[in-house]
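Naming: A, B, ... by sequence-line order, numbering from 1 per chain.
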Amino acid sequence: MLIIKRISYFMTTMAKGIASNLYLNVVTIITIAVAFLILNIFFVIYRNVNAVLEGWQGRIKIIAYLQDGVSSQQVSAIEGQLKKYGNIKGVRFYSKQDALSEFRRELKGQAAILSGVSQNILPAYLVVMVRDRVIRNGTVGKLADSLRGIQGIADVQYGQGVTERFSEMLVMVKMLGIGIGGFILFAILIIVSNTIRMSIFSRKDEIEILKLVGATNMFIELPFLLEGVTQVLCGTGLSIALLYLVYRFFLYRLHHAFGSLIVNAHIVFLSGGTIGTILVAAAMLGFVGAFVSAGKFIRHND
Amino acid sequence: MLIIKRISYFMTTMAKGIASNLYLNVVTIITIAVAFLILNIFFVIYRNVNAVLEGWQGRIKIIAYLQDGVSSQQVSAIEGQLKKYGNIKGVRFYSKQDALSEFRRELKGQAAILSGVSQNILPAYLVVMVRDRVIRNGTVGKLADSLRGIQGIADVQYGQGVTERFSEMLVMVKMLGIGIGGFILFAILIIVSNTIRMSIFSRKDEIEILKLVGATNMFIELPFLLEGVTQVLCGTGLSIALLYLVYRFFLYRLHHAFGSLIVNAHIVFLSGGTIGTILVAAAMLGFVGAFVSAGKFIRHND
Amino acid sequence: MIQLFHVYKHYLKGSAALEDISLQVEKGEFAFITGPSGAGKSTLLKLMFLAEMPTKGQIIINGYNITRLKRSAVPFLRRNIGVVFQDFKLLYDRTVFDNVALSLSVIGMPKKEIKKKVWEMLKLVGLQHKLNFSPLRLSGGEQQRVSIARALVNEPAILLADEPTGNLDQDLTLDVMKLFEDVNIKGTTVVVATHDKSLISRYSRRVITLEHGRIMEKQ
Amino acid sequence: MIQLFHVYKHYLKGSAALEDISLQVEKGEFAFITGPSGAGKSTLLKLMFLAEMPTKGQIIINGYNITRLKRSAVPFLRRNIGVVFQDFKLLYDRTVFDNVALSLSVIGMPKKEIKKKVWEMLKLVGLQHKLNFSPLRLSGGEQQRVSIARALVNEPAILLADEPTGNLDQDLTLDVMKLFEDVNIKGTTVVVATHDKSLISRYSRRVITLEHGRIMEKQ
Ligand SMILES: Nc1ncnc2c1ncn2[C@@H]1O[C@H](COP(=O)(O)OP(=O)(O)OP(=O)(O)O)[C@@H](O)[C@H]1O
Ligand SMILES: Nc1ncnc2c1ncn2[C@@H]1O[C@H](COP(=O)(O)OP(=O)(O)OP(=O)(O)O)[C@@H](O)[C@H]1O
Ligand SMILES: [Mg+2]
Ligand SMILES: [Mg+2]
């Protein structure tokens, strides 16, 4: 087939095209790199905020205070009952003694106020860890209420109000994330298709002349498609390189300085697989952008 | 002067230029609008994160537990002494009775554990509100230590560790804010100067011909400068309109739904003064961008 | 063979450029189209290689009715037609060599063969030493000869030349006309649009005279 | 008055375009520059209106030594020189009217006056009815006449015309030459580069012949 046989022609034509429009191409590549970099930085921020929230979420639990004087058999029975709930991840028992030491630990430093607290005044309790989906659903309250009915449980606490707020906050961050991320992606698409259009536009004489000497649309288009793909690939590659620098000299250090405070998960650089996916997606983006622009100026212009 | 006399010529030439490159101009304006919008959305996020942190910061205080049996005169004396500190905003006294009701309030819902707590076991204390600069400086610990020496004060608590972290976090958010904001601004500058350059580039024949018929550089440049200013103004105007839509239909609603949770300050739309400042800055940006590009293609090309 | 039956051409804005043109150029014929400025010479040539579509009438080129041709077939028809444009239509960001090679590249000719053919063609128009120049660096006449070289290099069945000697001095004009006669002898149909009366009178060929978009006389 | 003293022009790439040119065209003179394609005619004209700088030698136009001229003075010198370009150099996204008005706009002439002058000028070259067309919609010869109109509309002291009749038929060529003679009689210095021997022989004017960048004979 002609296309395959002439692959070197298309490559050199593309290269010449890039060389003859070097300034435009460099600017295009930098613009794409900058846009992708913004997207990536935003992605990192989003992931970290999300990680913080998910970390908080892990701490949401239901506390079931036991009636005074329940026997250890009764406790086991209650535990067994709770473990059958699909929405409960685990249960842990705190005896009256444990409760006091926990209380001491929480109020550490304010030793003065503890002087009058003896073992007897604190009830034993169970800490019930719930599955994430319950938190995301916002049905922690429902679950807690259902525990209230169990024989031997005196009272149920679950940080009323706060859990619902966490679910709402998670949803909100996700919405904002999708909203802003999608918006930036859209901006990149506009910029990419704009610059590729400019590139084709700046060579409309060439397109006209090629048509006049009998070139098929495919023949005219291919170097532009290659150019589009090359531009976006270079831009993306550059942005990944830049991102690595940002990561290496800024985020990475930040993490070491304040890591434990802000992020639960490590801040890690993109994995090889992710980079591969990004590059393939970028190539497709370039191709589609160039194809659409080429369609406007080449195919619909006979 | 020629320039003044021919103002209508420059305006119509600019209008013709925009009309003849309508596509390029529309794309330019949209690109600028999108870039500014990203900057603005980022600005809103930054302001809110900052507001949350500042809100937290307001809650940082030093608690000075008083020795048992200090008289009310002694308390007044201590209060008087503290108020002389430049770094202390205010002092509030909590008697043993107050301390118990506060404690009850804090542990509300866990009534069970309070049954054994009587008025006697809790010490009276002073809540010392510190000035913001102390928190920003990270010198809360120092201030607390200096209070320890005062006659009548038994112990001083100030949430050790947490205050330092808040200062660090504030610095970090500010750094990230400046870094990313500056980066986006830089990206906008690249995009703006790129698009204006393209606009001039696409009319280099016109520039050449104007020179050949004896036009001065000023005469050739002015319509381009006007075009650059117009482009950026339109783009910025559009972005402010878009921002208003985002604000009206997204942020504003969000605020009403979760407001109290995320932001202390209201999310308000840009003030008239801010919009004015932005437009003036945008006009200058367009002028400078066009001027630099024009310099490259018009003045340095004799 | 080129046949036109009652062809009209009205441009969107402005008056009729061609009115009721019927003519036939046989395979292997050599014909001049002449007439004053604005008579419709260029328009007539543009119709013949599908740069413009007729408003009315039928045009048949090499047996194909081009008013009914599928879009995708246009490039293949054009490969049989060499065109010298009045305004040259060269690529100023390519070399002279690349410009001439264009007609061969589009049909997928191997590089080596292209090189040989282009060099020979440039030699025929006396530009082999300006091979690697951009057309920007050439004089008006040199650019016109590049345009001629590009039109002839793929040995088309039909050659359409619009004012091909407008920028050439007398000696070069004779050279170029000799070139056209040579390809004509080898079987190429040649149609030359020109306002140069002395050129026409020097060669006793068929002359189609246009005036205000109408054919005045045939000979 | 145009004076050249031992002027050389070497383009960056390629051989010398002009070598050791010394000549003088008096105020109000009418001179032809001729020579084969690539001889250096266009280059010589380009030097005269500062589109190119000489590699060596001195050029004095209207008393100004242009090799020593400040950059900012160039536009003002050019306003006294009308130029007809070999490749027309028209703005294809403006109308014919706007193209011709260009030379007047740059000197800040009031709109009303521009309108009158442009209309009169277009009438002289027979294009008053194509006022609002883009040059894209004009034939080759019509474009050339727009270029001529633009060069003459501001009544320049010097007219440089590069192959101004290459796309014109005989009648129009005579019209344009009549126009040039008229402005010449009114005092304008006219220099016409052409390869058209018949044109030169019809008018008994001074002829400067170039060959390979050198002056061959003066008369
Ligand atoms: N694209 C166009 N749109 C509108 N009118 C056009 C267009 N092209 C040509 N014309 C008009 O059609 C008429 C014929 O033009 P054409 O170019 O065929 O003339 P020509 O015989 O080649 O003249 P010349 O010798 O000056 O080149 C002219 O009046 C011209 O103005
Ligand atoms: N910008 C340039 N760079 C390099 N060489 C050039 C340039 N312009 C012209 N030349 C060369 O200089 C020589 C003289 O060119 P010029 O355009 O002056 O010729 P001319 O006499 O006008 O020819 P024609 O009648 O074909 O227009 C030619 O060989 C040409 O290739
Ligand atoms: Mg024509
Ligand atoms: Mg020339």
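Between D:F49 and D:F85, the distance from one ring center to the other falls under 6.0 angstrom.
Ranked by non-hydrogen atom pairs under 4.5 Å with chain D, the options C:G126, C:S198, C:A39, C:P36 are led by C:P36. In terms of non-hydrogen atom pairs under 4.5 Å with chain D, the most contact-rich of C:R137, C:K197, C:Q170, C:H129 is C:R137. Note on D:Q144, D:K41, D:Q86, D:E163: by heavy-atom pairs under 4.5 Å with chain C, the leading option is D:Q86. Here D:G38 is the residue among D:G38, D:G40, D:A17 with the most heavy-atom pairs under 4.5 Å with chain C. Between chain D and the residues C:S37, C:G35, C:G141, C:S139, the most heavy-atom pairs under 4.5 angstrom are made by C:S37.
Contact annotation for residues 153-160 of chain C against chain D (heavy-atom separation below 4.5 Å): no residues qualify.
Only the backbone of C:T165 has a heavy atom closer than 4.5 Å to any heavy atom of chain D. Proximity to chain D (any heavy atom under 4.5 Å) is shown, for C:D87, by neither the backbone nor the side chain. Both the backbone and the side chain of C:E142 come within contact range of chain D, judged by heavy atoms closer than 4.5 Å.
Salt bridge status for D:E120 with D:K115: absent, with no side-chain N to carboxylate O gap under 4.0 Å. The pair D:K178-D:D182 meets the salt-bridge criterion, since a charged nitrogen lies less than 4.0 angstrom from a carboxylate oxygen. Classification of C:E19 and C:K56 as a salt-bridged pair fails, no side-chain N sitting under 4.0 Å from a carboxylate O.
Of the inter-residue distances, the one linking C:D169 atom CG with D:H195 atom NE2 reads 7.0 Å to the nearest 0.5 angstrom. To the nearest 0.5 Å, atom CG of residue C:L131 and atom NZ of residue C:K123 are 13.0 Å apart. Atom CG of D:N99 and atom OG of D:S103 lie 9.0 Å apart (nearest 0.5 Å). Here C:L18 contributes atom CG and C:T43 contributes atom OG1; the two are 5.5 Å apart, rounded to the nearest 0.5 Å.
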side-chain hydrogen bond (donor to acceptor under 3.5 Å, both in side chains) for D:T95 and D:N132? Distances and angles first, verdict last. CA-CA 5 Å; D:T95 63; D:N132 289 315; 4.8 Å; no
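The cationic atom of C:R205 (NZ for Lys, CZ for Arg) lies less than 6.0 Å from the six-membered ring centre of C:F30 and within 45° of the ring axis.
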